[in-house]
Amino acid sequence: MSLLDVRDLSIVFSRRGRRDVRAVDEVTFSVAAGETVGLVGESGCGKSVTSLAIMGLLPKRGAAVGGSIKFDGTELTSLPADKMRGLRGRDIAMVFQDPMTSLNPVIPIGLQVTEVLRRHRDMDAAAASKEAASLLERVGIPDPARRLKEYPHQLSGGMRQRALIAMALACKPRLLIADEPTTALDVTIQAQILELLKELVVDSGTALVMITHDLGVVAGMCDSVHVMYSGRIVERASRWELFEAPRHPYTAGLLASVPRLDQARGEKLEPIPGSPRDTIPWTQGCAFAPRCRNRIESCTQGAPELVADKLRPDHDLRCFNPIDVAEQEAVTL
Amino acid sequence: MSTEKQQPAGNGRDAENLLSVRGLQVHFPIKKGILVDRVVGHVKAVDGVDLDVAKGTTYGLVGESGCGKSTLGRAILRLIEPTAGTISFDGVDVRAQRGEDMRRLRRRMQMVFQDPLASLDPRQSVESVLTEPLRTHGYGNGKADHAKRVRELLDVVGLPANAAGRYPHEFSGGQRQRVGIARALALSPDLIIADEPVSALDVSIQAQIVNLLEELQEQLGLTYIVVAHDLAVVRHVSDTIGVMYLGALVEESPSDDLYAEPLHPYTIALMSAIPIPDPKVEERRERILLTGDLPSPANTPPGCRFHTRCPFRQPKRCADELPALREIRPGRKVACHYAEDIAAGHIRPAESVHDPAATEVGTPTVVAS
Ligand SMILES: Nc1ncnc2c1ncn2[C@@H]1O[C@H](COP(=O)(O)OP(=O)(O)OP(=O)(O)O)[C@@H](O)[C@H]1O
Ligand SMILES: Nc1ncnc2c1ncn2[C@@H]1O[C@H](COP(=O)(O)OP(=O)(O)O)[C@@H](O)[C@H]1O
Ligand code: SF4
Ligand code: SF4
Ligand SMILES: [Mg+2]
Ligand SMILES: [Mg+2]
């Protein structure tokens with residue numbers, strides 16, 4: 001049974017005098033306890049708004065959420081604000097790319113962590129402050145007793161991000177949404193934080209939604225991966241299959257355009273032509289068509305649906321003319 | 001790669017090197033005081049760097065944020081005045097140049113920045129962005145020559161001719177970076193220092209710019225210094241890579257060897273930390289996790305700069321003796337007292353190291369994933 005079930009999610013932003021923006025459409029995925037699910041795609045493809053919708057943090061005016069988001073059987077899209085606040089921080093937590101947006105700049109880190117512990121885990125002041133120090137230690141913040149007294153601006157970016165993760169851990173959430181949690185950090189710090197997140201999933205059975213544009217991060221930790229393009233999921237598979245033989249031309253294009261540290265240098269990279277700006281609305285066909293090397297006539301006559309891949313079980317595709325994987329290979333996998 | 005521009009540099013210097021830097025320092029004063037600013041210390045952003053860049057090649061600089069990569073790049077162009085050291089460009093002592101001479105030298109050394117939008121004036125059309133350097137440096141004979149040059153530049157970076165009349169916000173990130181590159185090329189420089197040229201761009205666009213930089217190097221015989229934190233990108237474009245830590249180079253290596261066999265403990269940790277887009281590789285990698293953060297460059301640790309976080313740290317020498325950057329094999333330079341023993345496997349990373357004397361230190365651990 002999955003803990004989080006997102007069905008046919010759509011998010012439409014409307015502003016007076018402007019055309020509506022359908023930022024997310026037909027997004028369906030689920031996450032079970034102890035599972036890590038990745039959402040990947042380029043900037044603007046709808047990853048963050050999807051996570052904000054789950055957290056109930058989209059603006060009330062001007063953002064229309066359609067479809068269903070079920071957390072442990074409870075429908076979140078229609079949940080009253082106070083009930084949603086109760087879930088947030090206790091059962092569902094989120095780590096943002098920029099930790100400053102979710103830390104209060106005028107309250108010492110320690111107080112912010114103990115606050116969460118007292119509110120969500122009913123601890124008294126003494127117990128909370130002991131637990132806070134141990135959490136900071138767990139996330140690798142040196143000298144936690146001193147750091148607890150400091151304000152967010154006194155910590156480096158990496159430490160702030162770890163403090164935020166400490167706060168997320170504080171309430172032992174059942175679902176954690178991490179939106180580019182390491183993008184602003186150095187790789188050595190990134191490695192520490194990813195290790196922590198993996199531990200959290202294994203030790204506490206937390207369900208993790210990992211949002212990133214870094215294919216390396218996905219390869220290392222996501223059980224299943226959803227590739228998004230222009231607001232829709234275009235491919236879904238286990239990380240093993242996705243990296244072994246991507247079927248969607250966009251996924252394949254992404255993989256071919258990043259240099260790999262462990263492979264011989266000298267080969268020219270194969271970029272995806274054009275830019276994310278060169279998309280067409282899904283109502284006119286496949287949004288990726290203007291950049292796609294596999295484009296055929298039907299691609300601009302109607303939009304492809306997300307359907308089960310004919311060649312592989314447990315692999316979904318939204319594409320009229322996917323990359324050919326030798327039949328043989330498909331059978332042996 | 002470049003042939004027509006090559007001239008012996010003279011002065012007994014290696015004729016192949018377009019750029020030679022020795023003992024370069026950039027120390028920023030830390031000031032305090034109410035009425036009179038008192039200097040209470042220095043941020044040693046760059047603290048004694050030697051490097052040589054051969055003509056037509058690419059030198060990549062990598063390291064954690066704040067380690068001094070950008071400052072080093074800017075100091076080489078004297079966009080920041082170095083505190084000490086020498087910079088020799090094509091045999092010319094850059095730091096000794098004044099006024100008009102420096103201006104003429106600048107034409108030959110250009111910079112490409114990370115954020116293409118921030119470095120372009122939003123009210124200036126592309127035409128005007130590209131004409132500006134032509135005007136200031138008196139290129140050609142007036143307007144017609146300038147217009148012709150602008151067309152050439154747009155063509156060489158793969159933008160349509162009608163881009164000239166458009167404004168930066170009308171372009172995508174990748175196109176804006178093309179404009180930034182065209183501007184750097186305007187005066188036919190020999191050296192381009194690119195500071196994080198692709199890190200603001202989407203993954204699918206990064207490869208376009210990386211390929212463009214490589215094509216331009218082949219066509220124009222350019223020499224590059226590429227500063228970036230993305231090691232996979234740097235390795236892809238560079239012939240030589242310098243790894244910086246706290247203002248100094250801790251390792252320098254041909255870029256093919258760096259991943260295969262990193263020698264400095266910091267490089268070893270850095271390489272092991274970089275995720276590789278392949279689950280099969282990720283599953284069997286051994287990560288050396290560093291804990292703690294980069295110490296402040298205002299307060300660099302004594303001895304080896306890395307000793308407060310080094311999983312290979314030894315009781316002798318590491319904490320009190322600064323290791324020099326030494327060539328331990330042809331082409332392989334490393335600043336570690338124990339590099340040979342580490343490479344030979346005689347010293348293994350500690351499961352857990354703790355240095356109570358150092359405040360910012362964490363506990364390095366080895367994690368096999
Ligand atoms: N004008 C300045 N005054 C004081 N300190 C400075 C100044 N410019 C840079 N620094 C300091 O020098 C150090 C090196 O900075 P630099 O910008 O070169 O780092 P970097 O490696 O490019 O990092 P990033 O990847 O974050 O840009 C940092 O500690 C920085 O805070
Ligand atoms: N408050 C908003 N009003 C209008 N459009 C928005 C708003 N927030 C996001 N969008 C648009 O929604 C799309 C998806 O944004 P986002 O989810 O933030 O992308 P990312 O994948 O980079 O996280 C983008 O086209 C963005 O411009
Ligand atoms: S549907 Fe057509 S245009 Fe879209 S990705 Fe598939 S082949 Fe390319
Ligand atoms: S000199 Fe010592 S502390 Fe420095 S890198 Fe080598 S082993 Fe580590
Ligand atoms: Mg985002
Ligand atoms: Mg920089």
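Everything numeric here is computed off the predicted structure, so don't read it as measured data. Below, chain A is the first sequence line, B the second, and so on; all start at residue 1. We use all heavy atoms of the structure for the numbers below, so side chains are in, but hydrogens, waters and symmetry mates are not.
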Q: Using the side-chain hydrogen bond (donor to acceptor under 3.5 Å, both in side chains) rule, collect all pairs that involve residues 211-220 of chain A, keeping only residues at least two apart or in two chains.
A: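 Pairs touching residues 211-220 of chain A that pass the test: A:Glu180-A:His213.
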Whether the side chain of [X] engages the backbone of [Y] through a donor-acceptor N/O pair (distance < 3.5 Å, no angle test) should be reported.
X        : Y        : answer
B:Arg235 : A:Arg260 : yes
B:Gln208 : A:Gly274 : yes
A:Asp186 : B:Glu64  : no

Q: Could you tell me which non-hydrogen atom of A:Pro271 sits nearest to which non-hydrogen atom of B:Ser204, and how far apart they are?
A: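 For A:Pro271 versus B:Ser204, the nearest heavy atoms are CB-O, 4.1 Å.
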Q: Quick one: closest heavy-atom pair of B:Ile205 and A:Pro276, and the distance?
A: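 So the two residues come closest at CD1-CD, 3.9 Å.
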Q: Just give me the residue among A:Val258, A:Leu215, A:Asp262, A:Leu194 that pairs up with chain B most often, heavy atom to heavy atom, under 4.5 Å.
A: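 Looking at each option in turn, the highest pair count goes to A:Asp262.
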**Q.** Interatomic distance, B:Glu214 atom CD to A:Leu269 atom CG [nearest 0.5 angstrom]
**A.**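 B:Glu214 CD to A:Leu269 CG: 6.5 Å, rounded to 0.5 Å.
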Q | Ion pair B:Glu283/A:Arg239, N-O distance below 4.0 Å | A |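 Between A:Arg239 and B:Glu283 there is a salt bridge, with a charged N closer than 4.0 Å to a carboxylate O.
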So, do [X] and [Y] sit near enough that their side-chain heavy atoms are less than 4.5 Å apart?
X        : Y        : result
B:Glu282 : A:Met221 : no
B:Glu215 : A:Lys268 : yes
B:Lys280 : A:Phe243 : no

Q) Relative to chain B, which segment of A:Val217 carries a heavy atom at a distance below 4.5 Å: side chain, backbone, both, or neither? A)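 Looking at A:Val217, backbone and side chain both touch chain B.
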Q.
If I measure from the heavy atoms of chain B, does A:Gln192 come under 4.5 Å with its side chain, its backbone, both, or neither?
A.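 For A:Gln192, backbone and side chain are both near chain B.
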Q: Identify which one of B:Leu231, B:Val237, B:Val233, B:Val234 satisfies the side chain to side chain contact (heavy atoms under 4.5 Å, CB included) criterion when paired with A:Pro259.
A: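 Looking at B:Leu231, B:Val237, B:Val233, B:Val234, the match for A:Pro259 under the side chain to side chain contact (heavy atoms under 4.5 Å, CB included) is B:Val233.
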Q: Tell me the residues of residues 272-279 of chain B whose non-hydrogen atoms fall below 4.5 Å from those of chain A, in number order.
A: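 Within residues 272-279 of chain B, near chain A: B:Ala273, B:Ile274, B:Pro275, B:Ile276, B:Pro277, B:Asp278, B:Pro279.
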**Q.** Test log, rule side-chain contact (heavy atoms from CB on, under 4.5 Å), inputs A:Ser275 and B:Asp202
**A.** CA-CA 9 Å; A:Ser275 84; B:Asp202 266 318; over 6 Å; no
Q | Residue B:Val210 versus chain A: region with a heavy atom under 4.5 Å | A |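 Looking at B:Val210, just its side chain touches chain A.
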Q) chain A heavy atoms under 4.5 Å from B:Ser238: which part of the residue, side chain, backbone, both or neither? A)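 Contact with chain A involves the backbone of B:Ser238 alone.
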